Structure formats: C-alpha cells, structure tokens
Amino acid sequence: MKKHILQLFIVIAPILASCTQHPSDNVSNMVRGNEKAIAELTEAARTVCKSCPIKTDDNMVLEGATFSHNQWTYHYVVKEDSVVNFNLADQNASIREGLKQSTQRHITESIDMITMLRALVQANADLIYEYRGNESGKTIKVQFTFAEIRVMVDAMTNYYSNMYRMHGSPYK
C-alpha cells in the first residue's frame with residue numbers, strides 16, 4: 001500500500017506543480033523584480049539627484065536619491081537636535097519608530113506617492129529614508145520593506161478609489 005501511495009505521489013507531484021505555476025511567476029522574476037520598473041526607478045533616482053539639493057523645510061535638505069540592490073533610498077541632511085538628537089543612541093530606536101510613523105503618514109496622505117510605491121512593488125524593492133546629522137554625520141535609517149509597501153499601496157488604492165467614487169477625480 002505504501003509503495004502504491006509513493007508511486008502515485010511521484011506521478012502526481014509534477015502535474016500538480018505545473019498546474020499551480022504561472023509562467024511569469026518563476027523564481028528569477030521574483031528575485032530580479034520587474035526589469036522595466038527597475039530601469040524606471042534607476043532613471044528616476046538620477047533625475048531626483050539632478051534637482052538636489054532641495055530644502056524641504058528649515059531643518060531638512062534632500063541631498064539625493066539612489067536605487068540599488070532593490071532599495072530606493074532618499075538621503076536627507078537634518079539640522080541636529082531639531083529633528084533628531086543623534087547623540088542619544090539609547091533613544092534612537094524610539095526616534096526611528098517615531099520617524100517611521102510620521103514618514104508613513106506623509107507617504108499615505110500624498111496621492112502622488114502611489115505611483116512611486118507601485119513601481120517599488122513591481123521591482124520587489126524596499127524604501128529607505130536616511131537622515132544624516134549636519135554636524136556629527138551620524139545617520140538614522142527608516143526602512144519600509146517590500147511587504148510594508150504593498151500594504152500601503154493597497155490601503156492607498158482603496159482609499160483613493162473610494163474618494164474618487166464619492167467625490168470625482170481630484171485632478172479637475
């Protein structure tokens with residue numbers, strides 16, 4: 001009996017595997033991400049850098065953006081003690097969490113960010129905000145993983161779809 005079950009499994013397993021796989025769902029595509037999205041993100045990072053530095057407020061300057069190793073990174077220089085006290089290493093974890101929450105709120109409240117986030121999802125990429133102190137040079141990184149970005153995209157898509165349905169297009 002065990003021999004027949006094993007033989008049946010040997011015959012059925014490849015059939016089941018081929019039925020559940022989609023041609024575009026292979027491992028190399030998942031690892032590399034969408035090549036078009038990767039090329040677009042690489043070019044977008046170059047474009048952002050051409051416009052930098054950009055003063056975002058009195059305490060922060062965007063120095064540039066990079067896209068490599070499936071990570072989009074915004075590079076900011078911040079006025080120390082105004083945004084982050086880099087000398088309080090024991091508080092950096094809570095500072096990082098506070099920065100992450102405020103950054104996520106800013107991202108999800110900006111309809112213009114959804115295109116960027118969708119490209120990151122297509123590229124299987126993470127999003128990083130790097131804050132460097134203007135005096136010490138110390139950094140704090142806030143990272144949104146691919147999975148977190150997917151959740152944000154879904155939430156934003158649902159929110160803006162509902163708003164569009166209720167109020168019409170925001171681009172009138």
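Numbering of residues begins at 1 and proceeds along the displayed sequence. This is a predicted model, so every value here is computed, not measured.
- Met60 is connected to Leu127 through a chain of hydrophobic side-chain contacts under 4.5 Å among Ile, Leu, Val, Met, Phe, Trp and Tyr, so both are in one cluster.
- Listed for the Ser102 side chain is a donor-acceptor partner under 3.5 Å among the backbone atoms of Leu99.
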(message) Working note: Ile107 + Gln104, criterion side-chain contact (heavy atoms from CB on, under 4.5 Å); need CA distance, chi angles, decisive distance, verdict.
(response) CA-CA 5 Å; Ile107 291 169; Gln104 183 171 353; 5.5 Å; no
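- Annotation: salt bridge (charged side-chain N to carboxylate O under 4.0 Å, His left out) contacts of Arg118 (sequence neighbours excluded): none.
- Minimum interatomic distance between Ile38 and Ala123 (heavy atoms only, all atoms of both residues): CG1-CB, 3.7 Å.
- Hydrophobic clustering keeps Met152 apart from Ile128 (ILVMFWY residues linked when any side-chain heavy atoms are closer than 4.5 Å, directly or through intermediates).
- Here the straight-line distance linking atom CG of Leu120 with atom CD of Gln71 works out to 11.0 Å at 0.5 Å rounding.
- Grouping the Ile, Leu, Val, Met, Phe, Trp and Tyr side chains by contacts below 4.5 angstrom, directly or via other members, places Val142 apart from Val151.
- Considering OH of Tyr131 and NZ of Lys141, their distance stands at 13.0 Å, rounded to 0.5 Å.
- In this structure, Ile140 and Val78 have side chains that are not in contact, with every pair of non-hydrogen atoms separated by 4.5 Å or more.
- Looking at heavy atoms from C-beta onward, Val48 lies in side-chain contact with Leu62 at the 4.5 angstrom threshold.
- Contact between Ala65 and Tyr74 at its shortest, heavy atoms only, is CB-CD2, 4.2 Å.
- Taking OG1 of Thr139 as the reference point, atom CZ of Arg132 lies at 9.0 Å (rounded to 0.5 Å).
- Nearest heavy atom pair, residue Tyr76 against residue Tyr129, reads CE1-CD2, 3.7 Å.
- To the nearest 0.5 Å, atom CE of residue Met113 and atom CD1 of residue Ile149 are 8.5 Å apart.
- For Glu135 and Lys79, the salt-bridge test fails: no basic side-chain N is under 4.0 Å from an acidic carboxylate O.
- Figure legend: cation-pi geometry between Lys100 and Phe144, with NZ or CZ positioned under 6.0 Å from the six-membered ring centre and within 45° of its axis.
- Here the closest heavy-atom approach between residue Asn134 and residue Glu80 is recorded as OD1-N, 3.0 Å.
- Closest of all the heavy-atom pairs between Gln143 and Glu148 is O-OE1, 3.6 Å.
- No side-chain donor from either of Glu63 and His75 sits under 3.5 Å from a side-chain acceptor of the other.
- The shortest side-chain heavy-atom distance between His106 and Thr103 does not fall under the 4.5 Å cut-off.
- In terms of heavy atoms, Leu117 sits closest to Val153 at CB-CG2, 3.4 Å.
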